[in-house]
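Read the structure below first, then the notes.
Note that this is a predicted model, so its numbers are computed, not measured. Protein chains get the first letters and strands the later ones, always in sequence-line order, with residue 1 at the start of each.
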Protein chains: 2
Amino acid sequence: MAMKRLTRQRKAVLEVVQRARNHPDAAWIYQEVRKLVPTISLGTVYRTLDALVEEGYLVPISRGGEATRYDANRKPHYHLICTSCGEIVDLEVELPELVGAARAAYPEHEIRAAHVEFEGVCAACRDRLAS
Amino acid sequence: MAMKRLTRQRKAVLEVVQRARNHPDAAWIYQEVRKLVPTISLGTVYRTLDALVEEGYLVPISRGGEATRYDANRKPHYHLICTSCGEIVDLEVELPELVGAARAAYPEHEIRAAHVEFEGVCAACRDRLAS
DNA sequence: GTGGTTGCAAAGGCTTTGCAGGCAC
DNA sequence: GTGCCTGCAAAGCCTTTGCAACCAC
């Protein structure tokens, strides 16, 4: 059922994903993992990523239409998606509690979590566009 | 360039979308619109929806892997996605301002908006599961 | 009449899956 | 030895697109 065996493939995917700083998608991970295990298939990468998400090691970031990207950052943080270059920037900021407000207004629902995402222009693009 | 002509197809899509209470996806809209314009194609539905999104009449809600759903609700509101049935429930609640907090922590980025989404069990499923 | 719009069908991109062989345990 | 995992390739799903005919203006 649950993926439990520590195979070469899974080790390699874990290593790549933990080292990644880019919120990579499956294709990028596949490409990198092939440097460690050249015979791995894209299907296995997807299966492994699914397992890692299920186990909570990864958080999927899915933007409409585009490939799902994966985030292995342990620290609690939020994402800023740049409208200019599409990059995902981590924001480590403490935000006001939202779940409480929603629960107070809608006690009939069992609200468990809130997901927040910011949209704007990242510093790099801001500088680039200012020229 | 921009879709401007008021064709039978576009009228029908508009009518269906405005009447919809379900955050429908393109397939559901297509099915409904065919009751009004039986010869319409799915491609036209997609093209029309894209145009309506661009013009600001609709807000796309894209969940990873699943079909994009469209929201025509004018009032400002948030969404609760039920982890049990997948339904999207509107929450009309005022939340604390988030953009300001993020801007204060990261003045180098040009943060423009925040998107919030809740996750939990909707009232219907809660009742159903309690039995 | 003109050019945006449509229908059709094919293609596209990402992701999942069936199956036989292989490997971790 | 057992059954989970892998590679391969095909299929699935949602969405986009090229093209000729069409119709709103």
Whole-Å distance separating the [atom1] atom of [X] from the [atom2] atom of [N]:
X	N	atom1	atom2	value
B:R8	C:dT6	CZ	C1'	11 Å
A:W28	C:dG13	CH2	P	22 Å
A:Y30	D:dC8	OH	C1'	10 Å
B:L14	C:dT5	CG	P	13 Å
B:L6	C:dG3	CG	P	21 Å
A:R34	D:dC8	CZ	C1'	13 Å
B:I40	C:dA9	CD1	P	16 Å
A:I29	C:dT15	CD1	C1'	14 Å

>> Among residues at least two apart in sequence or on other chains, which ones pass side chain to side chain donor-acceptor pair (under 3.5 Å) with A:Y78?
In response: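 Side chain to side chain donor-acceptor pair (under 3.5 Å) check on A:Y78 returns nothing, list empty.
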>> Check for me, please, whether A:V116 and B:V93 land in the same ILVMFWY cluster - side-chain distances under 4.5 Å, paths through other members count.
In response: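 In one cluster: yes.
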Which atom pairs link the protein and nucleotides 14-17 of chain D when you take only N or O atoms and keep those under 3.5 Å?
| unit_1 | atom_1 | unit_2 | atom_2 | d |
| --- | --- | --- | --- | --- |
| D:dT15 | OP1 | B:T68 | N | 2.8 |
| D:dT15 | OP1 | B:T68 | OG1 | 2.9 |
| D:dT15 | OP2 | B:Y46 | OH | 2.4 |
| D:dT15 | O5' | B:Y46 | OH | 3.2 |

Check nucleotides 21-23 of chain C for protein N or O atoms closer than 3.5 Å to its own N or O atoms and list the pairs.
none

>> How about CD on A:E97, more than 12 heavy atoms from neighbouring residues, nucleotides or ligands closer than 6.0 Å, or not?
In response: yes
> Passes salt bridge (charged side-chain N to carboxylate O under 4.0 Å, His left out), A:K11 versus A:E15? Steps please.
Replying inline: CA-CA 6 Å; A:K11 267 187 229 164; A:E15 192 175 326; over 6 Å; no
> Between A:R10 and A:E55, does at least one N-O distance fall below 4.0 Å, as a salt bridge requires?
Replying inline: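 Looking at A:R10 and A:E55, the cut-off is met.
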> Who pairs with A:H79 by ring pair (Phe, Tyr, Trp, His ring centres under 6.0 Å), at least two apart in sequence or on another chain?
Replying inline: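 Partners of A:H79 by the ring pair (Phe, Tyr, Trp, His ring centres under 6.0 Å) criterion, ordered by chain and then number, come out as A:H23, A:H77.
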> Do the side-chain N or O atoms of A:Q9 get closer than 4.0 angstrom to the phosphate oxygens (OP1, OP2) of D:dG7?
Replying inline: yes
> Looking only at heavy atoms, which two atoms of B:E108 and A:R126 are closest? And how far apart?
Replying inline: O-NH1, 3.3 Å
>> According to salt bridge (charged side-chain N to carboxylate O under 4.0 Å, His left out), who are the partners of A:R128, at least two apart in sequence or on a separate chain?
In response: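 For A:R128, no residue satisfies salt bridge (charged side-chain N to carboxylate O under 4.0 Å, His left out) once neighbours in sequence are set aside.
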> Quick one: side-chain hydrogen bond (donor to acceptor under 3.5 Å, both in side chains) pairs with a partner in residues 25-36 of chain A, sequence neighbours left out?
Replying inline: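 Every pair satisfying side-chain hydrogen bond (donor to acceptor under 3.5 Å, both in side chains) with a residue in residues 25-36 of chain A: A:Y30-A:R34, A:E32-A:K35.
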